[in-house]
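Quick caveat, the model's predicted, so the values are computed rather than measured.
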Amino acid sequence: MKKLNSLKAGQQIFFSGTIYTARDQAHKRMVAAIKAGKRLPFELKGAIIYYCGPTQTPKGKIIGSCGPTTSSRMDEFTPFLLAKGLSGMIGKGSRSKEVRDAIKKHQGVYFITYAGCGALLSRYVKSAKTITYRDLGPEAIVKLEVKDFPLIVAIDANGGCIYDAD
């Protein structure tokens, strides 16, 4: 994969590597833990968080349906996490001005992926392991290893944004 800050809004890539699922409640806990001086169970610096709450894993499968959730629900936490080293996010939908400014300031990237295609996206997941916040059920943080996971750059490190074309 190219360096994140070289990607341009509108570009499609196929990502292979590690991503972490996290939704609203997991974000709330991560921010509280960092503010309390606690370590997260994964390295935030350079990480990519996927706004996803996978469904229950069917027998014989690696993961259940794993489509993106609405990204704006994480907007209140995102500038803080970017300042702490988060590199990228995956979700669906537009982001607030504060998030867009923070992405540019911290040279991050915001990807979108195909909404309504969770069953299809699960095929790109090669392993899945819940690493923390198990009590949150589908909102627990899950470490995913993915291969050729389809992404579109929605907001790039220079502030380019596909939603500006509207």
Q) So with a 6.0 Å cut-off around NZ of K126, is the heavy-atom count from everything else above 12? A) yes
Q) With a cut-off of 6.0 Å (strictly less than), are more than 12 heavy atoms of other residues, nucleotides or ligands near CD of Q107? A) yes
Q: Rounded to the nearest 0.5 Å, what's the gap from CD on E145 to OG1 on T18? Could you check?
A: 3.0 Å
Q | R95 NZ/CZ over Y110 ring centroid, <6.0 Å and within 45° of normal | A | yes
(Q) I'd like to know whether I62 forms a side chain to side chain contact (heavy atoms under 4.5 Å, CB included) with T57, so could you lay out the CA-CA distance, the side-chain angles of the two residues, the decisive distance to 0.1 Å, and finally the verdict. (A) CA-CA 7 Å; I62 295 170; T57 304; 5.9 Å; no
Q: Check K104 against N158 and note the closest heavy-atom contact, atom names and distance.
A: CE-O, 3.7 Å
Q.
Could you walk me through whether K97 and D101 satisfy the salt bridge (charged side-chain N to carboxylate O under 4.0 Å, His left out) test, starting with their C-alpha distance in whole Å, then the side-chain angles of each, then the deciding distance to 0.1 Å, before giving a yes or no?
A. CA-CA 6 Å; K97 181 180 180 332; D101 292 345; 2.7 Å; yes
Q.
Looking at L136, is its backbone amide N or carbonyl O close enough to the side chain of E139 to form a donor-acceptor pair, meaning the two atoms are under 3.5 Å apart?
A. no
Q.
Measuring from atom CG of L82 to atom NZ of K105, what distance do you get when rounded to the nearest 0.5 angstrom?
A. 10.5 Å
**Q.** Basic-acidic side-chain contact under 4.0 Å: R29, D135
**A.** yes
Q. Can you check side chain to side chain contact (heavy atoms under 4.5 Å, CB included) on I19 and I49, steps first, answer last?
A. CA-CA 6 Å; I19 58 178; I49 291 179; over 6 Å; no
Q: Please examine the side chains of Y51 and T78, heavy atoms only from C-beta on, and report whether any two atoms are closer than 4.5 Å.
A: yes
Q.
In the structure I gave you, are the side-chain heavy atoms of M30 and F42 within less than 4.5 Å of one another anywhere?
A. yes
(Q) For I63 versus A128, what's the shortest heavy-atom pair and its separation? (A) CD1-CB, 4.2 Å
Q. What distance separates I103 CD1 from N5 CG, expressed to the nearest 0.5 Å?
A. 13.5 Å
(Q) Would you compute the distance between atom CG of L81 and atom CD1 of I34 and round it to the nearest 0.5 angstrom? (A) 5.5 Å
Q: Take R100 and D156 through the test salt bridge (charged side-chain N to carboxylate O under 4.0 Å, His left out) and record every step on the way to the result.
A: CA-CA 9 Å; R100 292 167 80 171; D156 64 38; over 6 Å; no
Q | Rounded distance (nearest 0.5 Å) linking atom NZ of K61 with atom CD of Q56 | A | 14.5 Å
**Q.** For the student: nearest non-hydrogen atoms of A22 and I141, plus distance
**A.** CB-CG1, 4.2 Å
Q) Under the side chain to side chain contact (heavy atoms under 4.5 Å, CB included) criterion, do L144 and K129 qualify, and how do the steps go? A) CA-CA 7 Å; L144 304 179; K129 180 180 180 185; over 6 Å; no
Q: Could you tell me whether D24 and R73 have a side-chain N and a carboxylate O separated by less than 4.0 Å?
A: yes
Q.
Side chains of F80 and L86, heavy atoms from C-beta outward: is any pair under 4.5 Å?
A. no
Q | Side-chain heavy-atom pair Q25, H27 within 4.5 angstrom cut-off | A | no
Q: Please examine the side chains of V109 and I155, heavy atoms only from C-beta on, and report whether any two atoms are closer than 4.5 Å.
A: no
**Q.** Check: F15 ring centroid to F149 ring centroid under 6.0 Å
**A.** no
Q. Are K92 and F111 in a cation-pi contact, defined as NZ or CZ under 6.0 Å from the six-membered ring centre and within 45° of the axis?
A. no
Q | Closest non-hydrogen atom pair between A119 and S65, with its separation | A | N-OG, 3.3 Å
**Q.** Where S71 and G91 come nearest, the two heavy atoms and their spacing
**A.** OG-CA, 3.2 Å
(Q) Working to the nearest 0.5 angstrom, can you tell me the gap between S127 OG and K147 NZ? (A) 13.5 Å
Q | Residue among T113, T21, T69, I90 satisfying side-chain contact (heavy atoms from CB on, under 4.5 Å) with C52 | A | T21
(Q) I want to check something: taking the side chain as every heavy atom from C-beta on, are Y163 and I112 in contact at a cut-off of under 4.5 Å? (A) yes
Q: Quick one: closest heavy-atom pair of L121 and P68, and the distance?
A: CD1-CD, 4.0 Å
Q | Heavy-atom side-chain proximity of I48 to M89 below 4.5 angstrom | A | no
Q | Derivation of the side chain to side chain contact (heavy atoms under 4.5 Å, CB included) call for V142 and Y133 | A | CA-CA 9 Å; V142 180; Y133 309 146; over 6 Å; no
